[in-house]
Amino acid sequence: MEAIIQAIILGIIQGLTEFLPVSSSGHLELAKYFLGYEATQSESMIMTVTLHAATALSTIIVFRKDIAEIFMGLFSAIKNMDFKNNESFNFSLKIILSMIPAAFVGVLFDEQLESLFNEQIVLVGCMLILTGFLLFLADRAKDSARSVSYPNAIVVGIAQAIAILPGISRSGATIGTSVLLGVDKSKSARFSFLMVVPLILGKMAKDLLDDEFIMSTESLTQVSIGFVAALITGIIACTWMIKIVKNSQLKYFAYYCFAMGIFAILFKTIYS
Amino acid sequence: MSKENKGKKKKVITTSGAQTVKTVSVEKSKSSSTAARATSSRAISAQEMTFGPETFKWMGIGVVLMGLGYIMMLGGHNDDPNVWDESVIYNWRILILAPILIMAGLVLQIYAIFKK
């Protein structure tokens, strides 16, 4: 029963924090630490992969009309051989460009990054405070009607690569950077959520095919429950986050990141 | 047909009583008809993207397929640490079949989301 509750909590945390600008990896690490989540490396890895797959599905569900329009536009560009003036083609190209830095870091520094995801509570705390500063600045930025340009896509992609560090929010870093570059807030949120979907699905396929995963009956139940919890919470959080960015309410998440970051550092310093 | 009439469309409207037949000439510019087409196609696509029983059926099949994949991952270790059995450790069911089933389940769910 305890394992099931742990799975539900982890699923809800992943679903919420993947979209809200408060770092999903940082919160998952903190939750595993405080819940006393005990699993083999293989079981923990398959849990993470599954929870990420669930939130990728949430994004696809929320942005299904946008994604369908992009693909329809792409087919029309290929059919008419008109790539220059096709908005969908340009948007897809920007998404691909933005994925390059994170893919590069993920492939080249995979092992070094994995070591950072092992109860590094102080590091998580510091990065949460950094995320808070970024959100605070982004919230004060003036709104504009500009779309994401090609140079913007590269800079946002670099922000996404830095956000691989536990404690830095991916959505917070990418939306914050985009808004600070002068891009419209809603367009920044849309770009941020769409740019990560191919990356998550690609990472999932790579992990599943490269590694050998072994499951126990208990972890099978945990993974299934975690998937459903993350999927449902992800849909709610994604829709909520679009409204939050639009209404300039990022500062509240900045305060939350400051508080969590300070709490994590103090807790680890006092009790270790 | 002259060039001027190319942009014109004749629309015949029959009233329900079938007593009178009106012929209305509607002139539309090329750009406004394109905009209307785009608006209607967006409206259609929005309607088509609504989730129906078909979507949930295919999503359910996808979930079942993913579940089967996870079930295929069960086992894969020896109870006795002194025994090395390659057929258990490097089992094709765990290494190949299980990941393929999980990914197929995920692909099926994405297909379900976009199914009209």
To the nearest 0.5 angstrom, please state how far the [atom1] atom of [X] sits from the [atom2] atom of [Y].
| X | Y | atom1 | atom2 | result |
| --- | --- | --- | --- | --- |
| B/Phe114 | A/Ile60 | CZ | CD1 | 6.0 Å |
| B/Ile100 | A/Leu209 | CD1 | CG | 7.0 Å |
| A/Leu208 | B/Leu101 | CG | CG | 11.0 Å |
| A/Ile46 | B/Met73 | CD1 | CE | 4.0 Å |
| A/Ser224 | B/Ile71 | OG | CD1 | 8.0 Å |
| A/Met204 | B/Leu106 | CE | CG | 5.0 Å |

message: Does any backbone or side-chain atom of B/Met72 lie under 4.5 Å from a heavy atom of chain A? Answer side chain, backbone, both or neither.
response: neither
task: Let me know if A/Leu57 has heavy atoms under 4.5 Å from chain B in its side chain, its backbone, both or neither.
output: both
- request: Against chain B, label A/Phe227 side chain, backbone, both or neither, depending on which of its atoms sit under 4.5 Å from a heavy atom there.
  value: side chain
query: With a 4.5 Å limit on heavy-atom distance, are the side chains of A/Leu201 and B/Ile110 in contact?
result: yes
